[in-house]
Amino acid sequence: NTAEITADNESKITDSASITYGLVAGAATIRTGPLNTLLISLIISLILSLMIWYYLKFNPKGQLVFVKTESKIRDIWLAYTRHQITHKN
């Protein structure tokens, strides 16, 4: 089987693969962009996650933000639990 691709302002690209017993024996060799974009997004998100983790773990200001956020979450959860207990049928 032969596949052909064309795009605006680009030359036509052709690739072929043989199909045996319903399986593609040869993988397509045309490179496309989504894999590279996904890899770049993964690397950027990993770097940002590590920077945020470092800030929250080792920076005193970051530790204070973490403690305040943890305290707010705990207060919200306790208020919800208190509401559930007092309004039980």
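Along the sequence shown, residues are numbered consecutively beginning with 1.
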Is Val65 reachable from Phe58 through a run of hydrophobic residues whose side-chain heavy atoms are each under 4.5 Å from the next?
no
For the atom pair CD1 (Ile44) and CG (Leu39), what is the distance rounded to the nearest 0.5 Å?
10.0 Å
What's the spacing between Ile73 CD1 and Leu78 CG if we round to 0.5 Å?
12.0 Å
For residues Lys61 and Tyr55, report the shortest heavy-atom separation together with the two atoms involved.
CB-OH, 3.7 Å
Side-chain contact test, heavy atoms from C-beta onward, threshold under 4.5 Å: evaluate it for Phe66 versus Lys57 and give yes or no.
no
Hey, are the side chains of Leu42 and Leu38 touching, using non-hydrogen atoms and a 4.5 Å cut-off?
no
Between the main-chain N or O of Val67 and the side-chain N or O of Ser71, is there a donor-acceptor pair closer than 3.5 Å?
no
Is the shortest side-chain heavy-atom distance between Tyr80 and Ile76 below 4.5 Å?
no
When rounded to the nearest 0.5 angstrom, what distance separates CG in Leu50 from OG in Ser45?
9.5 Å
